[in-house]
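One structure is given here, and the rest of the page talks about it.
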Amino acid sequence: MSEQLSGAEIILKALVDQGVDVIFGYPGGAVLPLYDALFKQNRIRHVLCRHEQGAVHMAEGYARSTGKVGVVLVTSGPGATNAVTGLTDALMDSVPVVCLTGQVPTFLIGNDAFQEADTTGITRQCTKHNYLVKDSDKLARTIHEAFLVAATGRPGPVVVDLPKDILMGKAPYIPASRVKHRSYKPQVKADIKAIEQAVELMGKAQRPVFYIGGGVVNSGPNACKLLTSFVRSTGFPITSTLMGLGAYPASDQQFLGMLGMHGTYEANMTMHDCDLMICIGARFDDRVTGRLDAFAPGSKKIHVDIDPSSINKNVAVDVPIVGDVAHVIEDMIRVWKAKQVRPAQKAIAAWWSTIDGWKARNCLAYKATDSTIKPQQAIQRLYALAKDRDTYITTEVGQHQMWAAQFYKFEEPNRWMTSGGLGTMGYGLPAALGVQVAHPDSLVVDISGEASFMMNMQEMGTAAQYRLPIKVMILNNQYMGMVRQWQELLHGSRYSESYSDALPDFVKLADSFGWLGLTVDSPADLDSAIQTMIDSDKPVLLDVHVDPSENCYPMIPSGAAHNHMLMGPEDGAGAGVSDHGMVLV
């Protein structure tokens, strides 16, 4: 007869079997048997968060910076419901997370017991899949399946709800090698005929563009290397979504920068005027497409995605290709070489000439002064001083996030952690902690806004407890900056509830948690403040006082076509005017 283990012991053995080395969590009554089992072992580290939302964001940061599955452990009821925002964030951005939630004993489920919530019902819409374990004999198999589902196909969060009696009951252990999912088999290799059709279109294109997203990063470092090699061999321009930054080197001359609502002029104009769009690992998000009926109207579209439900969901495409990005690009390269494709050189040269004209607009230019720090300037100086270090960047959500995407140049994948689809304020600080746990010797910087930072600032305690030397650079403009910008541009400058009237002294706040607190308000002192932050072996909170009136440009107004960009407050030459009275280019 197989050795009988408690449910808690089975879970920990399964996690070790899956290669897990750290769990982010918060204890409570329903999961105390599992915490007791954790206490008795030393194979898996536990990091105590201060809020369950923070725990999931930590797991996201860990997962996105390593390519591994992040693991979360929370208790029943409010522990599980507090995790919902993080789970939704992970679902929107395709981040592999397994969240273990406590539950009241099986015989109390449905009785409104203390700290009971219908966790599987609540999380059904914000997870890739979820489980309620009611049989101890199925526990090991369920844990292994959860990891398989989270990490394969389009990655995402999976919840395993664990009644307390299941954690305490005895059952045999089943190793991962003996668990095969009966029906879940994501398509990895694509239809070769579709790939041949795509390559044929690429060979005939006169105004092509590669449009890549986070799916390239999710496919792994090899996918990014293959993509880079292939794009360079074609000579085509390439642009990236917010989530795809780093999948292709930002310094490469073929890279046009980020596209979309706050993307570059040249990237958005190239997308609009292209005759062939090669979309790889992106989902035609509304922040990219703008008004759908005006999105790249003269183009044929190729769409590569591992998730078949993403194909033709938002935008109809001409060549759908379902498969893993790395395998698809590998096959594309093979077919490209076999057919000895020679792109239309004269047409491509003319296309680049047009693109160079758009680049000449210098759309990210801003007016620096000697008296006030511009937020763009702060990020540029951070990049200049940190680029030669082994650096990882997280962000909160808002203007600072877009400026970071525009001005921090990512040469490698997995170095950029931000909340894209859900836009979760409070993401960056806990995500940075997850990254630092995974990369203890690296520089990890959270580029933050003061409003977003206060959403989860309690996680400063986690940094202090575990001596995690993360750096937080707050671009402090005393406003919910993106809200203020929209109110200025779309609502007649009626700044309804967007001004932060009572901010803490961030230096004193840092000191109270045992961090190093710094503040800077002069451009002349900016470099020295950033360098002090970088060089410190402690967690650091750098409060950078920036111009409170600065807006983030370019900007596609809500409801406008993606080639209709607001370029700046003074840009009106030869422009049209939107329904809101704004100057559009």
Side-chain angles (χ1 to χ4, degrees), residues 11-12 15 20-32 34-36 38-39 44-66 68-90 95-102 115 117 119 123 126 157-160 162 392 394 396 417 419 422 424-440 444 446 448 452-472 509-510 512-515 539 541:
I11 290 170
L12 292 182
L15 295 180
V20 174
D21 56 6
V22 63
I23 296 172
F24 303 93
Y26 201 94
V31 287
L32 286 185
L34 193 41
Y35 273 89
D36 193 48
L38 270 171
F39 183 83
I44 298 175
R45 181 184 182 190
H46 181 276
V47 174
L48 177 66
C49 65
R50 281 9 183 210
H51 190 285
E52 291 87 354
Q53 178 187 344
V56 183
H57 293 328
M58 289 179 204
E60 287 187 274
Y62 176 92
R64 289 177 59 179
S65 66
T66 63
K68 298 170 65 176
V69 177
V71 180
V72 180
L73 173 57
V74 300
T75 195
S76 62
T81 58
N82 280 347
V84 165
T85 297
L87 292 170
T88 309
D89 189 272
V95 182
V97 169
V98 169
C99 182
L100 308 174
T101 60
Q115 289 195 330
T119 301
T123 63
C126 65
V158 176
V159 161
V160 183
L162 301 162
Y392 294 81
T394 71
E396 308 293 340
M417 274 57 65
S419 174
L422 193 61
T424 307
M425 294 174 69
Y427 169 89
L429 171 60
L433 292 171
V435 176
Q436 192 77 80
V437 167
H439 308 278
V444 182
D446 171 29
S448 181
S452 278
F453 178 77
M454 293 175 69
M455 286 280 189
N456 272 320
M457 66 183 183
Q458 75 282 345
E459 301 305 338
M460 294 176 74
T462 302
Q465 178 172 344
Y466 295 97
R467 296 186 176 90
L468 298 170
I470 65 167
K471 320 301 178 190
V472 178
L509 178 67
S512 72
F513 277 100
W515 287 38
L541 183 59

Nearest-0.5 Å distance that lies between atom [atom1] in [X] and atom [atom2] in [Y]:
X: L100; Y: L73; atom1: CG; atom2: CG; answer: 6.0 Å
X: M417; Y: R64; atom1: CE; atom2: CZ; answer: 7.0 Å
X: D21; Y: T66; atom1: CG; atom2: OG1; answer: 8.5 Å
X: T101; Y: E52; atom1: OG1; atom2: CD; answer: 11.0 Å
X: Q458; Y: Q53; atom1: CD; atom2: CD; answer: 8.0 Å
X: D446; Y: L433; atom1: CG; atom2: CG; answer: 9.0 Å

Residue pair [X] / [Y]: nearest heavy atoms and the distance that separates them:
X: V437; Y: P440; answer: O-CD, 3.8 Å
X: V435; Y: V444; answer: CG1-CG2, 3.8 Å
X: C126; Y: P157; answer: O-CG, 3.8 Å
X: W515; Y: A463; answer: CZ2-CB, 3.5 Å
X: P78; Y: Q115; answer: CG-NE2, 3.9 Å
X: N456; Y: G426; answer: ND2-O, 2.9 Å

Determine whether a donor-acceptor pair (N or O, by modelled atom type, separation under 3.5 Å) exists between the side chain of [X] and the backbone of [Y].
X: T462; Y: L48; value: yes
X: Y62; Y: K68; value: no
X: E459; Y: R50; value: yes
X: S65; Y: G61; value: yes

Evaluation steps, side-chain contact (heavy atoms from CB on, under 4.5 Å), between L541 and M460 = CA-CA 10 Å; L541 183 59; M460 294 176 74; 4.3 Å; yes
task = Begin with the C-alpha distance, continue with both residues' side-chain angles, and end with the deciding distance and a verdict on side-chain contact (heavy atoms from CB on, under 4.5 Å) for Q436 and Y466.
result = CA-CA 10 Å; Q436 192 77 80; Y466 295 97; over 6 Å; no
query = Parallel, tilted or perpendicular for Y35 and H46, by the 30°/60° rule?
reply = perpendicular
Stepwise side-chain contact (heavy atoms from CB on, under 4.5 Å) check, N82 with V74 = CA-CA 9 Å; N82 280 347; V74 300; over 6 Å; no
query = Does the pair L38 and I23 meet the rule for a side-chain contact (heavy atoms from CB on, under 4.5 Å), with working shown?
reply = CA-CA 10 Å; L38 270 171; I23 296 172; 4.3 Å; yes
request  = Please tell me if the side chains of V56 and D89 come closer than 4.5 Å, counting only heavy atoms from C-beta onward.
outcome  = no
task = Run through T424, T123, L422 and flag the one making a side-chain contact (heavy atoms from CB on, under 4.5 Å) with T88.
result =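 By the side-chain contact (heavy atoms from CB on, under 4.5 Å) criterion, T88 pairs with just one of T424, T123, L422: L422.
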